[in-house]
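Just so you know, these numbers come straight off a predicted model, no measurement behind them. Sequence positions, counted from 1, serve as the residue numbers for this chain.
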Amino acid sequence: MVAYRYRTDIVDTWHQVIDYGREEARVAKQYGAPGRQWWWLPIHAGVVIALCPLWPWAWSRRRRGEWAWVTGNLVGRVLGSIRYRIFYP
């Protein structure tokens with residue numbers, strides 16, 4: 001069972017999801033999870049750019065939250081990949 005506590009502030013959400021991504025890489029290294037295919041990184045980066053809150057339609061609170069979640073996960077996975085020396089974006 002996993003208990004989630006979503007944050008209400010965008011900055012707190014950002015830090016939470018970076019930690020999630022970083023720990024996903026740690027668990028992958030620890031238990032030998034295969035991770036994602038190599039082509040997943042460009043797709044994930046494309047989603048980050050597509051959801052970027054710099055565009056006028058994306059300024060709602062929900063869109064900023066989605067962007068923070070997707071981008072923070074990618075950043076966390078990259079940081080975790082570097083820290084734990086595993087390719088897990």
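A chain of hydrophobic side-chain contacts below 4.5 Å, direct or via other Ile, Leu, Val, Met, Phe, Trp or Tyr residues, connects Leu74 to Ile82.
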- Task: Let me see the working for His44 and Trp39 under side chain to side chain contact (heavy atoms under 4.5 Å, CB included), right down to the final yes or no.
- Result: CA-CA 9 Å; His44 201 151; Trp39 45 264; over 6 Å; no
- Query: What's the verdict on side chain to side chain contact (heavy atoms under 4.5 Å, CB included) for Val75 and Val17, showing C-alpha distance, side-chain angles and the deciding distance?
  - Reply: CA-CA 9 Å; Val75 169; Val17 78; over 6 Å; no
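If you run salt bridge (Lys or Arg N to Asp or Glu O under 4.0 Å) between Glu24 and each of Arg83, Lys29, Arg77, only Arg77 comes through.
Here the straight-line distance linking atom CH2 of Trp67 with atom CD1 of Ile49 works out to 11.0 Å at 0.5 Å rounding.
Using modelled atom types, one side-chain atom of Ser81 and one backbone atom of Ile86 make a donor-acceptor pair closer than 3.5 Å.
Pairs engaging residues 10-21 under the side chain to side chain donor-acceptor pair (under 3.5 Å) rule: Gln16-Tyr20, Asp19-Arg22 [sequence neighbours left out].
Counting all heavy atoms, side chain and backbone alike, Gly80 lies closest to Ala25 at C-CB, 3.6 Å.
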